[in-house]
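Remarks on the structure that follows.
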Protein chains: 2
Amino acid sequence: MPPAMRRATQRDVAERAGVSTATVSYVLSGRSGPGKPPTAATHERVLRAADEVGYELNHIARSLRRQRSDVIALMYPAPASPWSDRLIEQLQAAADPRHLTVIALPVTPTSAEHSVLRPLRERMVDGAVLLPDCPVDVEELAGIAQRGQSLLVFHDEAVPDGFDVVHQDRLTACRAGIERLLVAGHRRIAHLAHERELENPERSVKFRSYRDALADHGIGLDPDLIVPVADSRQEAHTAVTSLLRSANPPTAVFSATDRAAIDAVWAARELGIDVPEQLAIVGVGNIPEGEIMSPRLTTVGLPELDFTVEVERFFTRLEAAEPLPGTVIRSPWHLLARDSG
Amino acid sequence: MPPAMRRATQRDVAERAGVSTATVSYVLSGRSGPGKPPTAATHERVLRAADEVGYELNHIARSLRRQRSDVIALMYPAPASPWSDRLIEQLQAAADPRHLTVIALPVTPTSAEHSVLRPLRERMVDGAVLLPDCPVDVEELAGIAQRGQSLLVFHDEAVPDGFDVVHQDRLTACRAGIERLLVAGHRRIAHLAHERELENPERSVKFRSYRDALADHGIGLDPDLIVPVADSRQEAHTAVTSLLRSANPPTAVFSATDRAAIDAVWAARELGIDVPEQLAIVGVGNIPEGEIMSPRLTTVGLPELDFTVEVERFFTRLEAAEPLPGTVIRSPWHLLARDSG
DNA sequence: CTGAAAGCGCTTACAG
DNA sequence: CTGAAAGCGCTTACAG
């Protein structure tokens, strides 16, 4: 940072108003001490002085003294999604009247695992909501909760321990999606995967569902059918096009994202391949576009993009006078059988 | 926040290691004072003590003392977009090796105008990149820059003043998009608008382009053709469908977002209406999907989703030893005439 | 009703 | 090479 112009502090305001910094603090924060509030005249004088010297609160100093930052975070794996957008919106709606600031912490694939929880660990925020697939060490969460920060974690395997967990049963739902393809007789099912998750397949709900469901039906993995393109619309389009043009094309696609699934529909259409007759497609995530395209996208996900219950619980914990026990919120994913597969 | 367990501080570490807090600070921060660095033995002892007491740095305390937070923000109008995702990615890539934290500050329509710049005003962050259409008071930016925070502002009318501005000439480009429709002979052109911007039309680049281009061609505004659905895929789809079914349907659509433009393509297709023959469609934003759908979307926007120059300039300013003069980065939008209109 | 003073948890010249 | 001490800008019991 280039050198800063000296900023006005409460001391400057106090001097100008001819009062103590205590009085300035009480007036500007709107809080009342144990005694009677400042007189109207004092109040007025402080406000004017603050205005005259161009005083602005220093949030960092307040945070250190109050031992809370009044900032909460939403952590999500980048890129953003209708999910993260909706949750941000609902968090902000709840945070605004409480004078809390909501920040988003997008986790990019390059982020080192240890650094992801740093903002929590170093107390930059009072609490956080963690969306699924954030590459964090679940073991560390209990420690963070114990030190007084509020946590709501979307994670199917995590056990609540001073924090709340949202169970979505994603594995079950994803398996139902692939089973649907298998039951319809498909044997060559391509998988559009998250690039990052393919590096660490055991952690990937989507890849595991795919692998296990196929295995149950006696089908092995064909590397040619697994492409790491779920996060890029362009790459998904290209990859599906070339799969469909190959000598031995798939008859179905299971995509780790709805976006890539939609690209698959487009790619098929351009080649004159009918969906679902010649190519069945199942996505994951249930984003709103899926419902308005035609054929409507068959997918797996939350039936409603609504986090009222989760947000309420998070704020309850944040505002609790004493530590609350961890709870589980069940919000299971469903197979939404529509028209594409 | 529920009451916190007492956290270990550097004082605890110092006591345990039998050294002063100064030594602890030097060891843990990796910084060196004016003298010689601590001996290997001291170093070792401090590290072990820190580990034993479970010490974690308090970022807020460090920030207050150092007078910088080492946090930078990307502010963007919610919902997120390929733009904001890409910029976050590039900012993080640059921030990581510098040990800076990047946060996203999505601005929702409900945010009061005065509160949007609060994180800057109150010094929660050392600097920020502001994407277009953030509802901020441009007048206030110079003051923030003067107090030492780094600012890079995407804004076509802003004049640099201790901060950098990116000029994209969005108005010119948007007008070119509508002109294209007018020149092709269209007279009934629907506009899919941002809901929020319709409340304050003078601020809306897209609405102004639409209104002014039409006026130039002697066409008045028809309220039936202006619908505030650009931010919702579902609403866009519904609105376009009902427009196309109306007694006097539009022959073209100018959409404030590519997303809604794509929905318009889908809606038309479902009704058996040809794009662009029977309905010409022009979007705004140039998101990647536009290129892979068919017909390929005609749109207006940045030719490349790349912010290398902007990010470099931002970090140059952030790291400058003294205040840098404001500059203008030109990165003009273009009309990308493809197939949909 | 108002002020003097301590302290939040760090960092950093300075003295030794 | 290490330690004692001041201070970043606030807030808040406490004394008057």
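In what follows, every heavy atom counts, from backbone to side chain, and hydrogens, waters and symmetry copies are set aside. To find a chain, count down the sequence lines: A is the first, B the second, and so on, and within it residues start at 1.
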### Task
In plain terms, say whether A/Glu122 and B/Arg62 are close enough for a salt bridge, that is, a side-chain N and a carboxylate O under 4.0 Å apart.
no
### Task
For the pair B/Arg313 and B/Glu310, find out whether any cationic side-chain nitrogen is under 4.0 Å from an anionic carboxylate oxygen.
no
### Query
Using a cut-off of 4.0 Å on non-hydrogen atoms, how would the nucleic acid contact of A/Arg31 be classed: base, sugar-phosphate, or nothing?
sugar-phosphate
### Query
Which part of the nucleic acid does B/Glu122 contact within heavy-atom distance under 4.0 Å: base, sugar-phosphate only, or nothing?
nothing
From the options [options], select the nucleotide whose nearest atom is closest to the side chain of [X].
X       : options               : answer
B/Gln10 : C/dC8, D/dC10, C/dC10 : C/dC10
B/Thr23 : D/dC10, D/dT2, C/dC10 : D/dT2
B/Gln67 : C/dT2, C/dC8, D/dC8   : D/dC8

If only side-chain N and O atoms of [X] are considered, is one of them under 4.0 Å from the OP1 or OP2 phosphate oxygen of [N]?
X       : N      : result
B/Thr42 : D/dT2  : yes
A/Thr9  : D/dG9  : no
A/Thr39 : C/dT2  : yes
A/Ser25 : D/dT11 : yes

[X] [atom1] - [N] [atom2] separation (whole Å):
X       : N      : atom1 : atom2 : result
A/Leu28 : D/dT12 : CG    : P     : 13 Å
A/Arg68 : D/dT12 : CZ    : P     : 11 Å
B/Asn58 : C/dG7  : CG    : P     : 18 Å
A/Arg11 : D/dG7  : CZ    : P     : 9 Å
B/Arg7  : C/dG9  : CZ    : P     : 9 Å
A/Leu64 : D/dG7  : CG    : C1'   : 12 Å
B/Arg66 : C/dA13 : CZ    : C1'   : 15 Å
B/Arg65 : D/dA5  : CZ    : C1'   : 11 Å

### Task
Report yes or no: do B/His99 and A/Arg118 form a side-chain donor-acceptor pair below 3.5 Å?
no
### Query
Which of parallel (below 30°), tilted (30 to 60°) and perpendicular (above 60°) describes A/Phe154 and A/Trp83?
perpendicular
### Message
For A/Arg98, is the CZ atom crowded, meaning more than 12 foreign heavy atoms sit under 6.0 Å from it?
### Response
yes
### Message
Please compare A/Thr21 and A/Arg45 by the position of their nearest nucleotide in DNA chain C and report the one closer to 5'.
### Response
A/Arg45
### Message
With nearest nucleotide decided by heavy atoms, which residue, B/His59 or B/Tyr26, maps closer to the 5′ end of DNA chain C?
### Response
B/His59
### Task
Using Watson-Crick or G-U wobble geometry with both distances below 3.5 Å, tell me the partner of C/dA13, or none.
none
